[in-house]
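First up is the structure itself, then whatever we jot down about it.
Both ligands and their constituent atoms are indexed starting at 1 by order of listing. Just the heavy atoms: all of them, side chains too, but no hydrogens, waters or symmetry mates, feed the values below.
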Amino acid sequence: MNNALQSPPRIWWKPAEPAEKLWVRLAFGWCIVLFAMMPLWHLKGGQNPSGLRYRVDPKAYMARTQEFIKTYKVGEDHGIPVVAPPPGSDVYLIGLQWQWQPVLKLQQGASYMLHLSSYDVNHGFNLYPFNVNFQVVPGYDYGLKVTPTEAGDFRIICNEFCGIGHHVMVGRVIVTPPEGGAP
Ligand code: CUA
């Protein structure tokens, strides 16, 4: 009888069964396929955004964001500035405990350079209800070319635990139909 005190007879020196060898080969082959897919997906799959990345001082990024807010502010939503930058401009969004600043008002079909960064700790940018996810890391300005394809009123949900107010950290992106287009 084998139990925790009495080990089974050692058989590791016996040759592996053909089926076991086959499975080891298959598993190894699959590992190689998945490994090859990592760079392949980056280049061909369109799943990993190849955005710009810079190191940035969180205070400097905050100052840049406030300047951006001052330049294009059009209103306020629950104390958070609403900002409508012109198409083609650089857009700054900052995550901090526990809010997203500012509320962005973008035009459908127009392109923007969206900058993302954090003032304090790691936050998670999740554009609800779309499957768009980014780590928002303090010290890095993450630049991403975006073109809203759908008009609507969307939410930014923080999906990285960032402290006691994590669950209330909800931001907003408003996408308006293109000028002259149907409302
Ligand atoms: Cu920010 Cu969770």
task: If the plane angle is over 60° it's perpendicular, under 30° parallel, otherwise tilted; pick one for His115 and Tyr92.
output: parallel
- prompt: Gln108 and Glu150: side-chain donor and acceptor closer than 3.5 Å?
  reply: no
- line: dist Thr65:OG1 -> Glu67:CD (nearest 0.5 Å) comes out at 9.5 Å
Of the N, O or S atoms in Glu160, the one nearest atom 2 (Cu) of ligand 1: O
Among the N, O or S atoms of His166, the one nearest atom 2 (Cu) of ligand 1: ND1
message: Do the side chains of Arg55 and Asp57 get close enough for a salt bridge, i.e. N-O under 4.0 angstrom?
response: no
message: Under 2.8 Å from atom 1 (Cu) of ligand 1, is there any N, O or S atom belonging to Asn122?
response: no
message: Contact between Cys158 and Trp100 at the side-chain level, heavy atoms closer than 4.5 Å - yes or no?
response: yes
- line: For atom 1 (Cu) of ligand 1, angle spanned by Cys158 SG and His123 ND1 (nearest 10°) is 120°
message: atom 2 (Cu) of ligand 1 and Cys162: any N/O/S contact shorter than 2.8 Å?
response: yes
